[in-house]
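Everything below concerns the one structure shown next.
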Amino acid sequence: MLNKIILTGGAGYIGSHVAVELLESGREVLIIDDFSNSHPEAVARIGDIANGNVELLERNLADPAHLADIAAAAKAFGADGAIHLAGLKAVGESVAEPARYYRVNVGSAMALLEALEAAHAKAVVFSSSATVYGALNDNPVTEDGKTGPTNPYGRTKLMIEDMLKDVAAADPAWRVCNLRYFNPVGAHPSGRIGEDPNDTPNNLFPYIAQVAVGRREKLLVFGDDYETRDGTGVRDYIHVVDLAKGHVAALDYLANRKHAGAVDINLGTGTGYSVLEAVAAFKRASNRDIPFEIAPRRDGDIAEIYADASRAKELLGWRAERTLEDMCADHWRWQSQNPEGYKS
Ligand code: UD1
């Protein structure tokens, strides 16, 4: 049983939802987070929602000076394995500052591996991304599709996947699951935790939500001349609670698995929605106007991508259950109850 779990990046948007699901599954959780893009208040609220407690170690995993105490903490906690989400995640920033992205993302993963090795806790679930597929495959995309990320952020994800595969191939005691997330959106139905971007949101849902709540004037829709049903980009949006439950299922899978090695698994719904469909759904859920304007295509965007989600069903016994309406309603509950995020 993988019971005692180190959760890196556990105070962040996805991490906080994973923490709740881990506690609710009866597991013990040690969050390692440096709050560089997250808030301590999220940790308090995780405990409230799940009616339990997480341990917290405030450290930057990428800083070599912290390696020894991270390894010591992993041992003292009695870790069985880790879910690794800590990292930088802004595509545009990664193009401008590639060295920092490689250092922080790849460096954090390497540090975590060393700490787990020292604690004899050789199991990792890694937060990878559909971004590793680039635009090279027909939809729906299976895990055997070609990989070819188009920016440094995506390349760090693929490098870490490959590193974990090499480690698992060299030592059969390692159990590795790379979860390739499609587009996580929504929030916990309690409205207590959700996405709280530091600056102007890069992603569609937090931007729409800030327009709906009146923090921003209008949404720019990046391109309406793609070869899709309404000309706008199509993505596989997945409710963050479904996504979080996928991590718990991945731990169960690794704990019971008979064979060694690493496995890649898509976490998506299998359905794509366009930008305009997402805007219309959010408008219905929030009962607010969402003014938008068509703008040029964003560099690096692709027309359409959605998952083949059958491997997750087959191996993890997991599938996404929440609809686009649920995603919008829950995202809106979080945004309207916390208009300025955790600062509210
Ligand atoms: C983006 C990243 C991806 C990352 C993921 C994390 C890029 C090119 N890709 O995915 O690597 O893993 O976020 O969640 O940045 N859109 C607008 N207006 C906006 C924002 C977005 O029209 O203000 C459109 C985009 O053109 C796209 C769709 O909304 O068609 C979704 O965009 P976004 O939420 O940024 O996700 P991805 O680009 O799919």
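Atoms within each ligand, like the ligands themselves, are counted from 1 in listed order. None of the values given here were measured: they were computed from a predicted structure.
- A ring-ring contact (aromatic ring centres under 6.0 Å, His included) check over residues 24-46, counting only residues at least two apart or in different chains, returns the pairs His39-Tyr342.
- Note: Phe205 and Tyr237 have tilted aromatic rings, judged against thresholds of 30 and 60 degrees for the angle between ring planes.
- Checking Tyr153 against Glu93 by side-chain atom types alone, no donor-acceptor pair falls below 3.5 Å.
- Ordered by chain and residue number, the residues placing a heavy atom less than 4.0 Å from ligand 1 are Val91, Ser129, Thr131, Tyr153, Asn183, Asn202, Asn203, Leu204, Leu219, Leu220, Val221, Phe222, Gly233, Arg235, Tyr237, Val275, Arg298, Asp301.
- Annotation for Met159: atom CE does not count as buried by contact number, only 12 or fewer foreign heavy atoms lying within 6.0 Å.
- Looking at Ser274 and Asp230, their side chains do bring a donor and an acceptor atom within 3.5 Å of each other.
- Between the side chains of Glu304 and Thr228, no donor-acceptor pair of N or O atoms lies under 3.5 Å.
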